[in-house]
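Throughout, numbering of the chain's residues begins at 1 and tracks the sequence.
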Amino acid sequence: MTASDNSPAHIQTLASRLPRDFQWGSATSAAQIEGAAALDGKGPSIWDKFCSEPGRINDGSNIDVACDHYHRFRDDVALMKWLGLDAYRFSISWPRVQPLGQGAWNEAGFAFYEQLIDALLEAGIKPHVTLYHWDLPQALHDSIGGWTARAIVPHFAAYAAEVARRFGAKLASIATLNEPWCVATLGYETAQFAPGMTSRKTAAQVSHHLMLAHGAAIQAMRAVTQSPLGVVLNHTPSFPAEPIEADRQAARIDDGLNVRWYMDPIFRGSYPADVIEYLGDDAPQVEAQDLALIQQPLDFLGVNFYTRSFISTQTPAVPAPGKQGFTDMGWEIYPKALTQHLVRITREYSPPPIFITENGMANADTVVEGRIADVERIAYLHSHLLALAAAVDLGVDVRGYFYWSLLDNFEWNSGYTKRFGIFHVDYASQQRLAKDSAHWYRALIENFKLTRRDGAA
Ligand code: IFM
């Protein structure tokens, strides 16, 4: 990335390629920022429990306080307003509004989200809600087995309908699930995430229950709200490391597990046959009518994109080239895959309008004399926006972009060691500091509004 890439003229060219009503946003999730883990009637989530188990979180931390957003949300909305955001994506903590995951609602929990939504609307920022960003009520896990049990489906649908009934009229969108692949695979097969189980068979069954819960929730919400409804999937396109059949086949299966396993049932009403065959006895039990329930019409698709998967069957594995570097997560920076992938899913699935609901990088940021010169993040952000614009040029219907994340926050099993925010958080003082990337994003949004919305272009 050259210096001139960041010039106002370059930014203006980028802006002119995007639709006039393109929404500029940023995203967070409840468990990662809220804190107040046991306050005002909130029940524990599987992540509260997971954090309490020795060895699960790299830095031994927990989410008791996190970014203390529960108490500081008004200040955080002010930061969003300063950025000029059109939209903010956040999640509702299920155990905050329904501590047991079934039965009684917690009015104090709903009151928090109502205040947040109203503060956003007052600031002119569209609220986009996700219902499930990984913080399952621990009580539901204990009582019925959580996602391992088919019986979770009506409970999730009831929770979704209650949120939609209360808040639907104020929300710009409601997404059922965030990244079901992560929930099922990292939570139930590799044990990297809560609840920390290690069975591929269970994970496959969980993934089916997630899909059923998604379908049932969409159906239940349609009955009570006009708000646009959708789902958020993480897509990490798979590339064979070498032009050999073994790598190609492994990349196909990787794509099947990550992309097609969720896109096919949602948009085609079937699971991919090659993945069913690959799973063998571990394939989930699917009942008649399940796929019809899953394949609900959607108003939008959320795509979370960070990197690509470079698939090698050699020993040792052929490493990803990383010509544009790697993030602090060790993820290869490869923006071209975003363009290719958006074009591919548009061609193969004819999805509804797409939002890039997450994209961003962890960076080893350092504060020097009160400033964070995160040139790497600016380059990442800029190159991915150019990749997004290239997809729009090729006919992909992208309506918005949410930078992950607004704040440095709790990065799951990495604890607080990875910083994704465009605002730095000093966890001891809870002070927020705009990184250079925040200034860059702000200038971009301002320029876009001037030239694309208010201007004649
Ligand atoms: O922090 C996560 C987020 O919760 C889900 N998508 C990926 C992000 C970065 O790992």
Side-chain angles (χ1 to χ4, degrees), residues 46 94 101-102 130-137 140-141 143-161 175-221 229-236 252-298 301-302 304 349 351:
I46 54 172
W94 186 357
Q102 55 184 316
T130 301
L131 295 170
Y132 188 74
H133 200 126
W134 309 354
D135 43 358
L136 183 74
L140 202 57
H141 183 81
S143 58
I144 66 164
W147 290 113
T148 68
R150 193 178 166 99
I152 194 172
V153 174
H155 294 308
F156 185 70
Y159 156 57
T176 52
L177 308 172
N178 181 70
E179 304 184 348
W181 178 88
C182 293
V183 177
T185 305
L186 304 181
Y188 295 83
E189 184 175 342
T190 68
Q192 287 156 280
F193 283 7
M197 294 169 72
T198 53
S199 156
R200 187 175 82 159
K201 189 173 180 58
T202 305
Q205 196 62 46
V206 162
S207 71
H208 182 56
H209 296 157
L210 285 160
M211 287 295 89
L212 286 173
H214 157 75
I218 295 283
Q219 213 172 47
M221 289 193 289
L229 306 178
V231 66
V232 173
L233 305 177
N234 55 306
H235 282 175
T236 308
R252 259 194 300 276
I253 289 297
D254 189 67
D255 173 74
L257 291 165
N258 175 252
V259 175
R260 290 182 286 119
W261 187 254
Y262 298 95
M263 291 290 278
D264 281 19
I266 290 171
F267 293 112
R268 291 181 175 163
S270 60
Y271 280 113
D274 60 336
V275 182
I276 294 274
E277 190 188 331
Y278 170 79
L279 289 173
D281 289 347
D282 291 345
Q285 285 184 341
V286 177
E287 297 182 8
Q289 304 309 316
D290 281 2
L291 284 148
L293 176 62
I294 296 169
Q295 195 189 7
Q296 297 294 318
L298 299 182
L301 169 67
N304 293 353
Y349 294 95

Where do Thr198 and Glu189 land on the side-chain contact (heavy atoms from CB on, under 4.5 Å) test, with the steps shown first? CA-CA 4 Å; Thr198 53; Glu189 184 175 342; over 6 Å; no
Hey, is Asp281 close enough to Lys201 for a salt bridge, meaning N to O under 4.0 Å? no
Donor-acceptor contact below 3.5 Å, side chain Thr148 vs main chain Gly145: yes
Does any part of the side chain of Thr176, heavy atoms only, come nearer than 4.5 Å to the side chain of Ile218, both counted from C-beta? yes
Any luck finding a side-chain donor-acceptor pair between Asn178 and Asn304 under 3.5 Å? yes
I'd like to know if the side chain of His235 pairs up with that of Asn258 as donor and acceptor (distance under 3.5 Å, no hydrogens or angles considered). no
Find out whether Val183 and Leu210 are in side-chain contact, i.e. whether some heavy atom of one side chain is under 4.5 Å from a heavy atom of the other. yes
Rounded to the nearest 0.5 Å, how far does CG of Leu229 lie from CG of Leu298? 8.0 Å
Can the ring centroids of Tyr132 and Trp147 be said to lie less than 6.0 angstrom from one another? yes
Contact summary for Pro272 and Gly256, nearest pair of heavy atoms: CG-O, 4.4 Å
Does the side chain of Ser143 come within less than 4.5 Å of Gln102's, by heavy atoms? yes
Give the C-alpha distance, both sets of side-chain angles, the deciding distance and a yes or no for ring pair (Phe, Tyr, Trp, His ring centres under 6.0 Å) between His208 and Tyr271. CA-CA 10 Å; His208 182 56; Tyr271 280 113; 5.7 Å; yes
Please assess His214 against Phe156 for the test side-chain contact (heavy atoms from CB on, under 4.5 Å), listing each intermediate value before the final yes or no. CA-CA 8 Å; His214 157 75; Phe156 185 70; 5.8 Å; no
Quick test of your reading of the model: are Arg260 and Asp264 salt-bridged, counting only N-O distances below 4.0 Å? no
So how far is it from Ser199 OG to Tyr188 OH, rounded to the nearest 0.5 Å? 11.5 Å
Evaluate Leu301 against Met263 for side-chain contact (heavy atoms from CB on, under 4.5 Å), listing each step before the verdict. CA-CA 10 Å; Leu301 169 67; Met263 291 290 278; 3.9 Å; yes
Ion pair check, Glu287 and Arg150, cut-off under 4.0 Å: yes
So, the side chain of Gln205 versus the backbone of Gln285: is there a donor-acceptor pair under 3.5 Å, distance only? yes
Answer whether the closest heavy-atom distance between the side chains of Thr185 and Trp261 falls below 4.5 Å. no
Apply the test side-chain contact (heavy atoms from CB on, under 4.5 Å) to residues Trp94 and Leu140: give CA-CA distance (whole Å), side-chain angles for both, the deciding distance (0.1 Å), then the verdict. CA-CA 11 Å; Trp94 186 357; Leu140 202 57; 3.5 Å; yes
Could you walk me through whether Tyr262 and Trp181 pass the ring pair (Phe, Tyr, Trp, His ring centres under 6.0 Å) check? CA-CA 8 Å; Tyr262 298 95; Trp181 178 88; 8.3 Å; no
Hey, is the main chain of His133 close enough, under 3.5 Å, to the side chain of Thr130 for a donor-acceptor pair? no
Give a yes/no verdict on a cation-pi contact between Arg200 and Tyr278, requiring under 6.0 Å between NZ or CZ and the six-membered ring centre and an angle within 45° of the axis. yes
Any side-chain heavy atom of Tyr159 within less than 4.5 Å of one from Leu131? yes
4.5 Å side-chain heavy-atom contact, His141 and Pro195: yes
Interatomic spacing from NE2 in His209 to CD1 in Ile152 - rounded to 0.5 Å: 9.0 Å
Atom CD of Glu277 with >12 non-hydrogen neighbours under 6.0 angstrom: no
Are side-chain heavy atoms of Leu177 and Met211 found at a separation under 4.5 Å? yes
